[in-house]
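Every chain is numbered from 1, with letters handed out A, B, ... down the list of sequences. All values below come from the heavy atoms of this structure, side chains included, with hydrogens, waters and symmetry mates left out.
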Amino acid sequence: MAIERGIIDRAVQQEIVLWRETTNRIISNSKLPPLPNDDPILKSAIWFNFGLDAGKNLSLAISTAASRAALPIWAAFKAQELYSKYYKHGQDVIDYNRLGNTYDSFKSELQNMVNHAERAFFLQKKTIATIDHLEQLFSKNQNFGGPNTTNHEKLFAVRDLLKESGIVQTNPDALKKIIRGNLKQVANNIIAIYQGTHRAGGTNLLYIANDIPAAVSKGMPFIKTQRAASGRGHHTSASCSNRVVTRATPKGYSLLDTRDPQAMKKLYANAYRFNIKHKDFLWLEPCYDTTYVRSNTMGQPQVLTDILQSARSANAKLTETYHQLYRSTQATAHAI
Amino acid sequence: MQFNLLRITYALSLALALFISACQPQNNEDTEQHSTKGYVYYHEVKTTTPLSELKAKAQASLAKRSQLKLARNETQARQQYLQALDLWEAKHLEETEAILRRLAEQDYVDVQFDLYSFYSNKNEYKNVQEALLWLERALESGYPRAQYNYGLAHGWGISSEAGEWLLPQDWGKMADWVLIAAEQGDASAQSTLGFFYIRGEGLERNLIEAYKWLELSNERTSPPPAQFANNPTFRLNKNTSMQQQLIDKHGMTPEQVTEAKQLAIQWEANNPDAYQHENELLPIQSLRDRGLLK
C-alpha cells in the first residue's frame with residue numbers, strides 16, 4: 001500500500017519547518033566580524049546587504065535546479081517578491097535613512113523573509129512535482145506493508161529521503177557555513193568600501209565608477225583619484241602644493257563626496273552588488289589636502305563657490321549614476 | 001625598590017590574565033530555544049543516557065524475547081489478526097477495532113502495536129492517548145518494533161488535540177530508544193541509527209559507527225523485488241547508497257571502512273541472541289505480501 005499523500009506532505013512540511021527554525025536561529029546568533037569603527041551605519045549596511053544578497057541567491061535558485069542551495073528552491077517565490085521590491089528603483093523604495101538605526105531591524109526582516117519562504121513553498125509547482133515524485137517512489141513499496149505500518153515509520157522514511165537528496169538543507173553545520181560565509185563576504189565588501197573611502201591622508205572628494213560591477217570585472221579601480229591636466233574638468237580642488245588645480249573627472253567615473261552621509265549610505269546600500277575580492281582593490285592617491293580646502297574657503301570665496309557648485313552638480317550626477325547602476329544591474333538580474 | 005618591583009609584577013600578571021581571558025573565543029554556540037510551536041532545534045538534546053545503560057536495557061529486553069506473545073505465530077490468533085487487517089484495509093473500522101482490542105487484551109504484542117497504529121491514524125477512531133497507552137504496553141513487553149517507533153515518536157513529539165504534550169519532543173530519547181531496538185537486531189532501527197550517527201541527530205556524529213550499523217542492517221534486509229531494484233526507498237538500496245556516500249562525500253578512508261566492518265563482525269559475535277533477519281519483526285501484512293506466511 002502506498003504511503004498516504006498526507007504523510008508525505010507532513011514529512012516535507014516538517015523538513016521545511018526544521019530548515020526555517022535552524023536558519024533563523026543561525027541568523028539570530030550570527031555576529032559581525034570586527035569593523036573599522038563602531039559606526040551603526042556600517043553594521044546596518046551589512047545586514048541590509050546580506051538580506052538583499054540572500055534574496056538575490058533565492059531568485060537565482062528559482063532559475064537553476066541547484067540542489068545545494070541553502071534555501072529551498074520552491075520557497076524562493078515569496079523571497080523573490082521581497083527582493084524585487086527592494087531591487088527596483090531604489091530611491092523610491094529603499095529608505096537609505098534606515099541605515100544607521102539599530103541593525104536588528106534588518107536581521108528580523110531577513111528572518112521574516114525566511115518565514116515567508118517557508119509559508120510560500122506549498123504554492124510552488126516544483127513542490128507539488130516533488131511530492132508527486134515521492135509518492136510514486138513509495139508506492140507499492142513492500143517495506144511498508146499494509147495499513148499497520150506506523151505513521152512515524154512512514155514519516156521518517158520520507159524525511160530520510162529528503163535529507164539525503166539535499167533539496168532541503170537542514171544540517172545546522174552546513175547552514176552555518178553557508179549563511180556565515182555569505183555574511184562575511186558582505187561584511188568584507190562594506191569594510192572594503194569604508195577603507196577605500198577613509199584612507200589616512202586621503203580625500204573626501206573621490207571618483208566613483210559609474211558602472212561598478214563592470215569596473216570590478218575589468219580590474220579597474222572602484223574608487224579613485226587621478227591627477228589630470230589643468231584647465232579641464234568638472235570640479236576645482238586644492239593639492240598639497242597649495243596650487244589650485246582643476247582636475248578632470250576620469251571617463252566612466254562620477255564625483256562622490258564622502259562627507260555627504262546620504263551619498264555614503266547609498267554607496268553602502270549597494271555593496272551587495274559587488275564582488276570585491278581584495279580590500280586593497282580600492283586605492284586612492286595620497287596628498288589631497290582637505291584641511292587646506294577648508295581653511296581657504298574663508299579667504300577665497302570663489303574657490304568655495306566653485307566647490308559648492310561642483311558638489312551640487314556632483315550630487316546631481318550621483319543621482320544619475322545610481323539610476324544607471326540600477327538599470328544596468330537589473331538587466332543583468334533578468335538575464336540570469 | 002623591591003616593593004615597587006612586586007607591585008609592577010602583580011600589575012603585569014593581572015594585565016596578562018585579563019588579556020588572556022579577553023582572547024578566549026566567545027561562546028558562539030546556540031542556546032536552547034523553543035519556537036512557538038514547541039519544536040526544539042535540530043541538534044538539541046534534552047537527555048543523554050550512557051551507552052552502557054542503553055545496552056543493558058537492550059539486553060534486558062532481549063531476555064524477554066522467548067516470552068513475547070505474537071499473534072502471527074499462533075494459528076487461531078493469526079487468522080483473526082489477518083481478518084482484522086483485511087477489514088481495516090476495507091475501512092470497516094468498527095469491526096477492526098473490536099478484533100484488535102480483543103487480541104491486544106490477550107497480550108499479543110504485535111496486535112498491541114497495530115492498535116497503536118490504528119488509534120494514531122486520522123479517522124473517527126483517532127485517540128492519541130489510547131494509542132500511546134498500547135504502544136507503551138508493547139514496548140514494556142520487550143517488542144523491539146514498538147521500542148523503535150516509540151523512539152521515532154520522540155522526534156517531533158505527540159500532542160493531544162488540545163495541544164498538550166503527551167510525549168514531549170526529545171531528540172536524545174529518540175536516539176536512545178532507536179539504539180535499544182538496534183542493539184536487539186531490529187533492521188529498521190539499525191538503519192535509522194546509522195543515519196542518526198551521520199547527521200548527529202540525538203547523539204555525537206560518528207561515521208565509523210554509522211557504517212557499522214548500516215552494515216548490520218544490510219545483513220538483516222532482503223533485497224527488493226526486481227521491479228524495485230533501483231528504488232531508493234527500499235532499505236537495502238538506501239543503506240548501500242549511504243555507505244557509498246560516506247566514502248565519496250564524507251571522506252571515509254578504506255581503513256575506517258575496514259574498522260567499521262570489523263566492529264560489525266564483533267557485534268554479531270557479542271550478540272548471538274539478537275534478531276537475525278527483518279522477517280522476524282516484519283508486520284504480518286508484509287509477510288503475507290511476500291508469501292512468507294506459513
Next item on the list: Before accepting this row, confirm whether a basic side-chain N of the pair A/Arg5/A/Asp132 lies closer than 4.0 Å to the acidic partner's carboxylate O.
Entry: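 Salt bridge: yes.
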So for [X], is it side chain, backbone, both, or neither that comes closer than 4.5 Å to the heavy atoms of chain A?
X: B/Phe118; answer: neither
X: B/Tyr150; answer: neither
X: B/Leu100; answer: neither

Next item on the list: For each of A/Asn151, A/Val158, A/Asp173, tally heavy-atom pairs with chain B at distances under 4.5 Å, and name the one with the top tally.
Entry: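 Ranked by heavy-atom pairs under 4.5 Å with chain B, first place is A/Asn151.
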Check: Taking the six-membered ring of B/Tyr148, is NZ or CZ of B/Arg145 closer than 6.0 Å to its centre and within 45° of its axis?
Finding: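 No - B/Arg145 does not lie over the ring of B/Tyr148 by the 6.0 Å and 45° rule.
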Next item on the list: Taking atom types as modelled, find out whether B/Asn218 and B/Gln243 have a side-chain donor-acceptor pair closer than 3.5 angstrom.
Entry: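 A donor-acceptor contact under 3.5 Å links the two side chains.
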Next item on the list: For salt bridge (Lys or Arg N to Asp or Glu O under 4.0 Å), just list the numbers for B/Arg235 and A/Asp160, CA-CA rounded to whole Å, side-chain angles, deciding distance to a tenth of an Å, and then say yes or no.
Entry: CA-CA 11 Å; B/Arg235 191 187 310 125; A/Asp160 265 352; over 6 Å; no
